[in-house]
Amino acid sequence: MVGAYARPVENHSVPHSTPRTAAFFDLDKTVIAKSSTLTFSKSFYQGGLINRRAVLRTAYTQFVFLAGGADHDQMERMREYLSSLCRGWDVAQVREIVAETLHDLIDPIIYDEAASLIEEHHAAGRDVVIVSTSGAEVVEPIGELLGADRVVATRMVVDEDGRFTGEVEYYAYGPTKAEAVRELAASEGYDLDRCYAYSDSATDVPMLAAVGHPFAVNPDRALRREAAARGWPVLSFHRPVPLKQRLPTLSMPSRPALAAMAAVGAAMATATLVWYASRRQTTKPRLGLIGRSGRAIRNERV
């Protein structure tokens, strides 16, 4: 069933030769430093979706989540609470609030190390897939911001009036994440033995075990023990850096657009060379200098 829930985002990847590979990232505390859903609680309050008491409760839940990681029982309680909380919310309003506050709230808490990994996987020709228990209305815009090629996220039932019913249609959690990874591999042609996966939580052990290159990121105690037992590498991410401060930035256009920009840049550099050569009487020393400059410009654009 995951085919209906693994949504492509606006950052479309370039075609790959088979077999293809992918890198699967959990989101909360793996790519970003907090819970993506709970981070928007203040914005939902300002938008009139929740009251002050709910803001305080979500703040406490966020604290528990950050302090030691959430185990299965805590995640279940969080799911039940958030499901009941969003009952009756207008989906369009939720998406509007997320879009308006996305850069202010999410951009500053993206781990620099995770952003670099995403860049490296794309450079190696791998798709990047965000697999998150948080709701799709939050995860999909974050996936687009990160440059992900596809997103798997929890989906709530929406009634005919465009409001959440409080029921869960698809819960991207635990073994379900592993099922999503395997079904995506089947539909997209990924070679799972050559794929990568990253998570901070022991609840994602099935997803990590589904690929050939699993990594525990900022692991909770249970995942740290599991990683030690299985010989999985452990990574420590601790530098949240706004994307706009990173070079190259993940908020740049998609790779096909970048390729087109590089081609235009090369053409402009060549045209500049021809024009400058026609303006000079003594050409050799100047052309050599401009040639080096032209190559530097093309490298920067690519």
Side-chain angles (χ1 to χ4, degrees), residues 2 6 16 18-36 65-76 110-134 139 143 146-153 171-241:
V2 72
H16 298 278
T18 55
R20 299 169 59 195
T21 54
F24 301 93
F25 287 83
D26 175 46
L27 182 60
D28 300 346
K29 294 182 69 178
T30 301
V31 176
I32 64 176
K34 298 181 180 180
S35 162
S36 52
F65 180 78
L66 295 175
D71 60 22
H72 174 76
D73 291 340
Q74 288 171 325
M75 288 294 293
E76 282 298 306
I110 296 171
Y111 284 122
D112 183 51
E113 299 92 340
S116 295
L117 268 177
I118 289 172
E119 291 171 350
E120 290 168 12
H121 282 301
H122 270 155
R126 300 183 190 98
D127 283 356
V128 170
V129 183
I130 302 297
V131 187
S132 176
T133 305
S134 293
V139 179
L146 292 165
D149 301 284
R150 197 170 286 270
V151 158
V152 176
Y171 191 34
Y173 174 75
T176 306
K177 285 189 176 184
E179 293 171 10
V181 167
R182 285 190 287 267
E183 291 186 29
L184 270 177
S187 64
E188 299 297 318
Y190 298 142
D191 180 354
L192 284 180
D193 288 338
R194 296 170 57 214
C195 287
Y196 293 71
Y198 303 86
S199 179
D200 71 291
S201 174
T203 61
D204 285 339
V205 165
M207 180 180 78
L208 295 172
V211 302
H213 301 283
F215 290 83
V217 177
N218 300 340
D220 57 29
R221 289 194 205 104
L223 179 56
R224 188 175 293 276
R225 288 194 299 268
E226 193 73 24
R230 294 175 180 249
W232 291 345
V234 174
L235 304 178
S236 178
F237 294 174
H238 60 274
R239 295 194 308 270
V241 177

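Along the sequence shown, the residues carry numbers beginning at 1.
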[X] side, atom [atom1]; [Y] side, atom [atom2] - distance, nearest 0.5 Å:
X	Y	atom1	atom2	value
Asp149	His122	CG	NE2	3.5 Å
Thr176	Met207	OG1	CE	12.0 Å
Thr133	Asp28	OG1	CG	7.5 Å
Glu113	Ser236	CD	OG	7.0 Å
Asp112	His238	CG	NE2	9.5 Å
Ile110	Ile118	CD1	CD1	8.0 Å

Heavy-atom pair of closest approach, residues [X] and [Y]:
X	Y	value
Asp26	Lys177	OD1-NZ, 2.9 Å
Ala33	Pro240	CB-CG, 4.3 Å
Val151	Gly143	CG2-CA, 4.1 Å
Ala153	Ser134	CB-O, 3.4 Å
Leu208	Pro214	O-CB, 3.2 Å
Ala202	Ala222	CB-CB, 3.5 Å

Please assess Thr203 against Ser201 for the test side-chain hydrogen bond (donor to acceptor under 3.5 Å, both in side chains), listing each intermediate value before the final yes or no.
CA-CA 5 Å; Thr203 61; Ser201 174; 2.8 Å; yes
Quick one: do Leu146 and Ile130 satisfy side chain to side chain contact (heavy atoms under 4.5 Å, CB included)? Show the steps, please.
CA-CA 9 Å; Leu146 292 165; Ile130 302 297; 4.1 Å; yes
side-chain contact (heavy atoms from CB on, under 4.5 Å) partners of Asp193, counting only residues at least two apart
Asp191
Return the orientation label for the Phe25 and His121 ring planes: parallel under 30°, perpendicular over 60°, tilted otherwise.
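The arrangement is perpendicular - the two ring planes meet at more than 60°.
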Indicate the ring-plane relationship of Phe24 and Tyr190, choosing parallel, tilted or perpendicular according to the 30° and 60° boundaries.
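Because their plane-to-plane angle is over 60°, the rings of Phe24 and Tyr190 count as perpendicular.
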Among Thr30, Val31, Leu223, Leu117, side chain to side chain contact (heavy atoms under 4.5 Å, CB included) partner for Val217:
Thr30
Dump the intermediate steps for side chain to side chain contact (heavy atoms under 4.5 Å, CB included) on Val131 and Asp204, then the final yes or no.
CA-CA 10 Å; Val131 187; Asp204 285 339; over 6 Å; no
Under a 4.0 Å threshold between the charged nitrogen and the carboxylate oxygen, would Asp127 count as salt-bridged to Arg20?
yes
Would you find a donor on one side and an acceptor on the other, under 3.5 Å apart, between the side chain of Asn218 and the backbone of Phe237?
yes
Are the side chains of Val152 and Leu184 in touch, meaning some heavy atoms are under 4.5 Å apart?
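Val152 reaches Leu184 side chain to side chain.
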